[in-house]
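Single-structure report; data block below.
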Amino acid sequence: MNPPSRHGPGGTPPPLPAHLAAPPPSETVFEVGGLSVFYGGHEAVRDVNMNIGARQITAMIGPSGCGKSTVLRCFNRMNDLLPDARVVGKVRYHNEDLYSREVDPIEVRRRIGMVFQKPNPFPKSVYDNIAYGPRVGGFRGNLDDLVEETLTHAALWDEVKDKLRTSALALSGGQQQRLCIARTIAVEPEVILMDEPCSSLDPIATAKIEDLMERLAQQFTIVVVTHNMQQAARVSERTAFFGSEIDRDGVRHGRLIELDETGTLFSNPSDHRTEDYISGRFG
Amino acid sequence: MTARPQRRRTAPGSPGFLRRSQSRWSERAVRVLLVAAALVSVLTTIGIVVALIPPAVEFFGKVDFGAFITGTDWSPLFEPPRFGVLPLVTATLVITVIALLVAVPLGLGAAVYLSEYAGHRVRGVFKPVLEVLAGIPTVVYGFFALRAITPFLQRSWPGGDPPEVFNALSAGFVMGIMIIPTIASLAEDSMAAVPRPLRDGAYALGSSRMQVSTRVVFPAALSGIVAAVVLGISRAIGETMIVAIAAGGRPNLTLNPLEGMQTMTAFIAAAGIGDLPTGSTGYQTIFAVGLLLFALTLVMNLISIRLVRRYREVYE
Ligand SMILES: Nc1ncnc2c1ncn2[C@@H]1O[C@H](COP(=O)(O)OP(=O)(O)OP(=O)(O)O)[C@@H](O)[C@H]1O
Ligand SMILES: [Mg+2]
């Protein structure tokens, strides 16, 4: 079953759980300053400033097309792979400029993993999916052990231990997505970026992923984009609300409207656009 | 608002109201035409094989099949005739192997480059160039081998005996150049068809471009890549003009690529344009060799189908 929502359906939110009332952890993983991303000549998102704290879940919500995925892809330089994407501004990871010339994007992606909207396991066996990252990273230890540990960690071992040699595409959608999460943690990153990881899954599979995320957050820093506001409310400590603005020249671009503790953002947003969005009044 | 004019409809509930209201003649005619188009190619292939069989059967009435396949002496048009086909088979294989040694690495390398490394602009220039290369008549390649490559090899040979005027090396090398575009273009198509999310997944795990190419894209595209190589092999085995011009017409049982040798196709061409009387044993020889050539290609295709089934990684 779905874990109970922290909000009643449409009612006033209950008092904050303790961990949401606590101040954000002092350790900052990402510091984003003046970040804008262009696709060709089009500025998709403008002047984003935000910090992401360690070992907690930060959610990114907001209407379609306001640049959530675009910002998320800046955190592990996936935008490098889009030929016409251009990133301006600062993204600091543990005080290191992610976009400086000396930084190797491959090294970045080993530390900052990513899970995508549609499960995208390789058309290889379950085992080889998990082993892929360690293999390309030059892992020298015992792969069998690593695969078992990783799958156990991702709460998938019992379901797939008899299917290690069968194709990952034979798994259910939810299992495939958890396999993709497992494949990501197999390279022992520090951060896991997730772009709408549950959008193609049913509520039960979604609940399993949310459980997994909450457990993983004890060890990893997670940034998750979601269209599911209950999900953001359930799993995240902090929530960033993105929206679209039209500037004086009539150009529409994405903006970070508000970033706050999840409880505060949902119960007492400081911007009326946030309030409109979370209460279902758009535009 | 005015109502949009509607196609006349039988009222729901009246008898047969869901039946087709117009006969779909055009639909049916198109279908027949398409089936006919498909049948032409299939029937032609069957027809060719069937036409090969009677003269070949007659031939094997006179010449022992075992002696044909294992014999090492090929002089069917001289007295006394000898029908050992091995020299032709080895010549075909030697030249095909040389061609593949050139074409497979370069063709697949070009495919990986175009699909995984090159930007839009480079690809836009390269692909048409490749296709032009594929359109050069093979007789041009043949003379290029004979008049340019062979003299070059002879002049710059480092030591030992230089290649003969007719030799398998030049023929195979140039044949390899000829089939690069075939392999590169088909392999690139199948690699470009590998879905983007698979690549993204691999990059997000910290893969280099090379690792994405070789460990994710290549296996996922394997069936298309093997098909490309098989088509390359088929073209190499069946190629006639280059070998007839550059490798010579002397049946020669050897694996030495520096010597001249006659392939199966070169023999068929030479004997075919000669004035062998219909029904003579010499005439039937052509069909026997032709049938063998066909069998060789068929076996190779079957093997490759099995290989693909075994190793490919099917993405949805
Ligand atoms: N690869 C791309 N090339 C060009 N424009 C792009 C590309 N990706 C995104 N965009 C544009 O950038 C803007 C932001 O897109 P993005 O995908 O980041 O939005 P999003 O908030 O993730 O939306 P959704 O909730 O629908 O996923 C959109 O206007 C989109 O059209
Ligand atoms: Mg998105």
Side-chain angles (χ1 to χ4, degrees), chain A residues 69 72-73 75-84 104-125 128-139 167-170 176-177 179-189 191-195 200, chain B residues 111-127 187-227 305-316:
Chain A
S69 302
L72 194 72
R73 283 197 299 263
F75 289 135
N76 68 342
R77 293 192 54 171
M78 284 300 275
N79 282 329
D80 290 20
L81 302 172
L82 303 173
D84 56 353
D104 176 11
I106 292 170
E107 194 53 47
V108 169
R109 296 184 197 122
R110 287 195 181 132
R111 290 167 195 267
I112 304 167
M114 188 168 220
V115 175
F116 299 82
Q117 180 166 356
K118 193 166 163 281
N120 60 347
F122 301 124
K124 302 175 187 288
S125 68
D128 286 338
N129 264 277
I130 302 293
Y132 178 89
R135 276 178 181 145
V136 301
F139 179 76
S167 169
L169 298 182
Q176 287 186 13
Q177 193 63 305
L179 182 69
C180 289
I181 296 175
R183 160 178 99 171
T184 303
I185 63 180
V187 295
E188 299 185 331
V191 182
I192 306 174
L193 310 172
M194 301 184 173
D195 194 348
S200 62
Chain B
V112 169
Y113 172 73
L114 286 179
S115 150
E116 304 302 310
Y117 287 78
H120 293 298
R121 208 168 308 153
V122 177
R123 198 174 333 180
V125 174
F126 254 82
K127 267 220 130 179
E188 200 266 339
D189 287 345
S190 75
M191 289 170 62
V194 172
R196 162 117 227 150
L198 283 187
R199 289 190 181 80
D200 286 344
Y203 279 117
L205 289 166
S207 314
S208 65
R209 223 170 253 278
M210 199 61 213
Q211 287 165 333
V212 173
S213 310
T214 56
R215 291 168 186 246
V216 175
V217 177
F218 200 89
L222 189 66
S223 58
I225 289 170
V226 171
I305 290 172
R306 297 203 68 148
L307 281 182
V308 167
R309 290 240 173 94
R310 181 142 164 56
Y311 292 110
R312 75 170 154 180
E313 295 179 350
V314 188
Y315 53 88
E316 281 153 315

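All of these numbers come straight from a predicted model, not from anything done at the bench. Just so it is clear: chains get the letters A, B, ... in the order the sequence lines come, proteins before strands, and each one is counted from 1.
Residue F126(B) qualifies as open at atom CZ: its count of foreign heavy atoms under 6.0 Å is 12 or below. At most 12 heavy atoms of other shown residues, nucleotides or ligands fall within 6.0 angstrom of atom CZ in R111(A).
R209(B) and L81(A) make their closest contact through NH2-CD2, 4.5 Å (heavy atoms, listed as atom of the first residue, atom of the second, distance). Closest of all the heavy-atom pairs between G206(B) and I106(A) is O-CG2, 3.2 Å.
For M114(A), the parts lying near chain B are the backbone and the side chain together; criterion is any non-hydrogen pair under 4.5 Å. Heavy atoms closer than 4.5 Å to chain A are found in both the backbone and the side chain of R215(B). Neither the backbone nor the side chain of P195(B) comes within less than 4.5 Å of any heavy atom in chain A. Looking at P105(A), there are no atoms closer than 4.5 Å to chain B (heavy atoms on both sides), in backbone or side chain.
For the set E107(A), R110(A), Q117(A), the entry with the most heavy-atom pairs within less than 4.5 Å of chain B is R110(A). Top candidate by heavy-atom pairs under 4.5 Å with chain A, chosen from S208(B), A204(B), G119(B), A220(B), is A204(B).
In this structure, the side chains of K118(A) and P197(B) stay at 4.5 Å or more apart for every pair of heavy atoms. Between V314(B) and S167(A), the closest side-chain pair of non-hydrogen atoms is not below 4.5 Å. Here the side chains of R109(A) and L205(B) are not in contact, with every heavy-atom distance at 4.5 Å or above.
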Residues 129-137 of chain A side chain polar contacts: donor-acceptor under 3.5 Å, at least two apart:
from, atom 1, to, atom 2, distance (Å)
N129(A), OD1, F122(A), N, 2.8
N129(A), OD1, R183(A), NH1, 3.4
N129(A), ND2, F122(A), O, 3.1
N129(A), ND2, K124(A), O, 3.4
N129(A), ND2, S125(A), O, 3.1
Y132(A), OH, S207(B), OG, 2.8
R135(A), NH1, D128(A), OD1, 2.9

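Partners of S69(A) under the side-chain hydrogen bond (donor to acceptor under 3.5 Å, both in side chains) rule, at least two apart in sequence or in another chain, are D195(A).
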